[in-house]
Amino acid sequence: MNLIRLYVNFFLMHLKSMMQHKVSFFMTITGQFLISFNIFLGVYFMMTRFHQVKGFSYSEVLLCFSITLMAFTLAETLFRSLDTFETIIGNGEFDRILLRPENSLFLVLCSKIDLTRFGRLLQAVVMLVYGISSSSIAWSPLRCLLVGLMILGGICIFAAIYLIFACLCFFTLEGLEFMNVFTDGAREYGKYPIGIYGKNVLFICTCLVPFALFQYYPLLYLTGKSDNAWFSLLPVCCALFLVPAFLLWNFGLKHYQSTGS
């Protein structure tokens, strides 16, 4: 409970800090909205031309895209500090964090909360509402719950990737750019159901980096393309991906040596 109260205090501090420059804050939010809107236009024009992709209609693709975008945006907002962890190590800030009484990972997460991503989140909410209202899915409380679980599962996957990215900095002291393939890249190819990219990509996104567990298989059940009820439970399994990420963090923390900054 104390950690929640402390996190809320940090959140309010970041909000007050950003609101000191209101014009810059709202222009950045607007820019984030327009960038994601540009991506939406690409989906719109393609679906207007072809009407469906591998059996998925326009509204179903929007559901898929909005869930992926919302999960990625929330993860980037809350775990942005892990994406810039090499800077926290390089400028000596992490050494100061280790001297504080609270958990080091918690304090790293509190050090940066990127609220400017709300523009992209608004875009995801608009697409989700439109996809739900225009789809032919027979909505029920359980299906609505499944959508929520898909978003939470996506947050867990992206958070784990950000954490693994940060853990590598314990050994390299620099961020590895190829990790962006699993974050920004996943947001891009997550516009469409992963199954359309072929069996090899689906295998990688199921067994190695399990994006399909929150994005593709639950979507099959949600849209009625599969009767396998187990698919609706796969987003819960996404939380298990956090376990090796936390273990890697603890391993890296034990072997961390100060940069001497």
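Only this structure's heavy atoms are used, side chains among them; waters, hydrogens and symmetry mates stay out.
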Participant: Give me the other members of the hydrophobic cluster that L99 sits in, counting Ile, Leu, Val, Met, Phe, Trp and Tyr linked by side-chain heavy atoms under 4.5 Å, directly or via other members.
Facilitator: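 Reading the cluster by chain and number, L99 sits alone, since nothing else belongs.
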Participant: Show your reasoning for whether side-chain contact (heavy atoms from CB on, under 4.5 Å) applies to L163 and L105.
Facilitator: CA-CA 9 Å; L163 184 55; L105 178 57; 3.8 Å; yes
Participant: Hey, could you give me the CE/CG distance between M127 and L122, rounded to the nearest 0.5 Å?
Facilitator: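 The CE atom of M127 sits 10.0 Å away from the CG atom of L122.
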Participant: Closest approach of S232 and L146, non-hydrogen atoms and distance?
Facilitator: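 Shortest heavy-atom contact: O-CD1, 3.4 Å.
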Participant: Using the test ring pair (Phe, Tyr, Trp, His ring centres under 6.0 Å), find all partners of F72 that sit at least two apart in sequence or belong to another chain.
Facilitator: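 Ring pair (Phe, Tyr, Trp, His ring centres under 6.0 Å) check on F72 returns F158.
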Participant: Which ILVMFWY residues can you reach from V23 by hopping between side chains whose heavy atoms are under 4.5 Å apart?
Facilitator: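 Besides V23, the cluster holds M27.
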Participant: Using the six-membered ring wherever Trp is involved, compare the ring planes of H255 and F171 and label them parallel, tilted or perpendicular (cut-offs 30° and 60°).
Facilitator: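 It falls in the tilted class, 30° to 60°.
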Participant: Answer with yes or no whether the hydrophobic clustering places F214 together with W230; edges join I, L, V, M, F, W, Y residues whose side-chain heavy atoms lie under 4.5 Å apart.
Facilitator: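 Each belongs to a different hydrophobic cluster.
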Participant: Shortest non-hydrogen contact from I89 to F170?
Facilitator: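 Distance-wise, the nearest heavy atoms are CD1-CD2, 4.1 Å.
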Participant: Not counting sequence neighbours, which residues clear salt bridge (Lys or Arg N to Asp or Glu O under 4.0 Å) with K225? List them please.
Facilitator: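 K225 satisfies salt bridge (Lys or Arg N to Asp or Glu O under 4.0 Å) with E60 only.
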Participant: Step by step, work out the side-chain contact (heavy atoms from CB on, under 4.5 Å) result for F11 and L6.
Facilitator: CA-CA 9 Å; F11 182 91; L6 183 58; over 6 Å; no
Participant: Do F79 and D114 come close enough that some side-chain heavy atom pair is under 4.5 Å?
Facilitator: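 In short, these two side chains do not touch, never coming nearer than 4.5 Å.
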Participant: So which atom in Q215 and which in M150 form the shortest heavy-atom distance, rounded to 0.1 Å?
Facilitator: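 Between these two residues, the closest heavy atoms are O-CE, 4.0 Å.
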Participant: List the steps and the verdict of side-chain contact (heavy atoms from CB on, under 4.5 Å) for M19 and F26.
Facilitator: CA-CA 9 Å; M19 292 305 291; F26 287 110; 4.0 Å; yes
Participant: So, for K191 and C64, which heavy atoms are closest and what is the spacing to 0.1 Å?
Facilitator: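 So the two residues come closest at O-SG, 4.4 Å.
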Participant: May I ask you to check whether over 12 heavy atoms, not counting those of Y130, lie within 6.0 Å of atom OH?
Facilitator: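 No, not enclosed.
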Participant: Do S104 and W249 make a side-chain contact, defined as non-hydrogen atoms from C-beta onward lying under 4.5 Å apart?
Facilitator: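 The answer is yes, as the side chains (C-beta and beyond) meet within the 4.5 Å cut-off.
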Participant: With side chains defined as the heavy atoms from C-beta onward, is the minimum distance between L202 and Y197 less than 4.5 Å?
Facilitator: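 No; the side chains remain at least 4.5 Å from each other.
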Participant: If hydrophobic clusters are built from ILVMFWY residues whose side chains come within less than 4.5 Å, do F211 and V236 share one?
Facilitator: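 Unlinked, F211 and V236 end up in two clusters.
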Participant: Looking at side-chain heavy atoms only, is the closest gap between E76 and T73 below 4.5 Å?
Facilitator: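 No - every pair of side-chain heavy atoms lies 4.5 Å or more apart.
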Participant: Rounded to the nearest 0.5 Å, what's the gap from CG on L168 to CG on L248? Could you check?
Facilitator: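 CG of L248 is found 6.5 Å from CG of L168.
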Participant: Looking only at non-hydrogen atoms, find the nearest pair between A245 and A160 and report the distance.
Facilitator: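 So the minimum-distance heavy-atom pair works out to CB-O, 3.8 Å.
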Participant: If you round to the nearest 0.5 Å, how far is CD1 of I113 from OG1 of T77?
Facilitator: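 One gets 9.5 Å once the value is rounded to the nearest 0.5 Å.
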Participant: Any side-chain heavy atom of S111 sitting closer than 4.5 Å to one from E93?
Facilitator: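 With C-beta onward as the side chain, the pair touches.
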Participant: List the atom of H14, the atom of L115, and the distance in Å for their closest heavy-atom pair.
Facilitator: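 Heavy-atom minimum between the residues: C-CD1, 4.5 Å.
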Participant: Would you mind reporting whether Y7 and C110 have side-chain heavy atoms less than 4.5 Å apart?
Facilitator: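 Yes, side chains in contact.
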Participant: Starting from I155, can I reach L149 by hopping between I/L/V/M/F/W/Y residues whose side chains sit under 4.5 Å apart?
Facilitator: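 In one cluster: no.
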Participant: For S24, is there any backbone N or O sitting under 3.5 Å from a side-chain donor or acceptor partner on T28?
Facilitator: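 Confirmed, T28 side chain pairs with S24 backbone.
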Participant: Under a single-linkage rule joining Ile, Leu, Val, Met, Phe, Trp and Tyr whose side-chain heavy atoms are separated by less than 4.5 Å, which residues share a cluster with L240?
Facilitator: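 Other cluster members: none.
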Participant: Enter the distance from I194:CD1 to I204:CD1 here, rounded to the nearest 0.5 Å.
Facilitator: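 Taking CD1 in I194 and CD1 in I204, the distance rounds to 11.0 Å.
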Participant: Does L121 reach the side chain of M70, with side-chain heavy atoms less than 4.5 Å apart?
Facilitator: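 When only atoms from C-beta onward are counted, M70 and L121 do touch, with a gap below 4.5 Å.
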Participant: In the single-linkage hydrophobic clustering (I, L, V, M, F, W, Y; side-chain heavy atoms under 4.5 Å), do F50 and I196 co-cluster?
Facilitator: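 Yes, one cluster joins them.
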Participant: Any heavy-atom pair between the side chains of L78 and L109 that's under 4.5 Å?
Facilitator: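 No. Closest side-chain heavy atoms not under 4.5 Å.
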Participant: Tell me every residue that passes ring pair (Phe, Tyr, Trp, His ring centres under 6.0 Å) with F231, counting only those two or more places apart in sequence or in another chain.
Facilitator: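 So F231 forms a ring pair (Phe, Tyr, Trp, His ring centres under 6.0 Å) with Y217.
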Participant: Give the cluster check for I67 versus L142: same hydrophobic cluster or not, with ILVMFWY residues linked at side-chain heavy-atom distances below 4.5 Å.
Facilitator: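 No, no single cluster joins them.
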Participant: Measure the CG-CZ distance between L74 and F118 for me, rounded to the nearest 0.5 Å.
Facilitator: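 Spacing of CG (L74) from CZ (F118) equals 8.0 Å.
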Participant: L82 pairs by side-chain contact (heavy atoms from CB on, under 4.5 Å) with which of V108, I161, I164?
Facilitator: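 Going through V108, I161, I164 one by one, the side-chain contact (heavy atoms from CB on, under 4.5 Å) with L82 is satisfied by V108 alone.
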Participant: Just checking F94 against F85, ring centres under 6.0 Å apart?
Facilitator: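 Distance test on ring centres: under 6.0 Å, yes.
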Participant: Could you go through W139 and V147, starting from their C-alpha distance and side-chain angles, then the distance that decides it, and tell me whether this counts as side-chain contact (heavy atoms from CB on, under 4.5 Å)?
Facilitator: CA-CA 11 Å; W139 290 101; V147 171; 3.8 Å; yes
Participant: Within 45° of the six-membered ring axis of Y221 and under 6.0 Å from that ring's centre, is NZ or CZ of R143 located there?
Facilitator: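 Pair R143/Y221 counts as cation-pi.
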Participant: Distance check, rounded to the nearest 0.5 Å: F56 atom CZ versus Q52 atom CD?
Facilitator: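 If I round to the nearest 0.5 Å, the distance is 10.5 Å.
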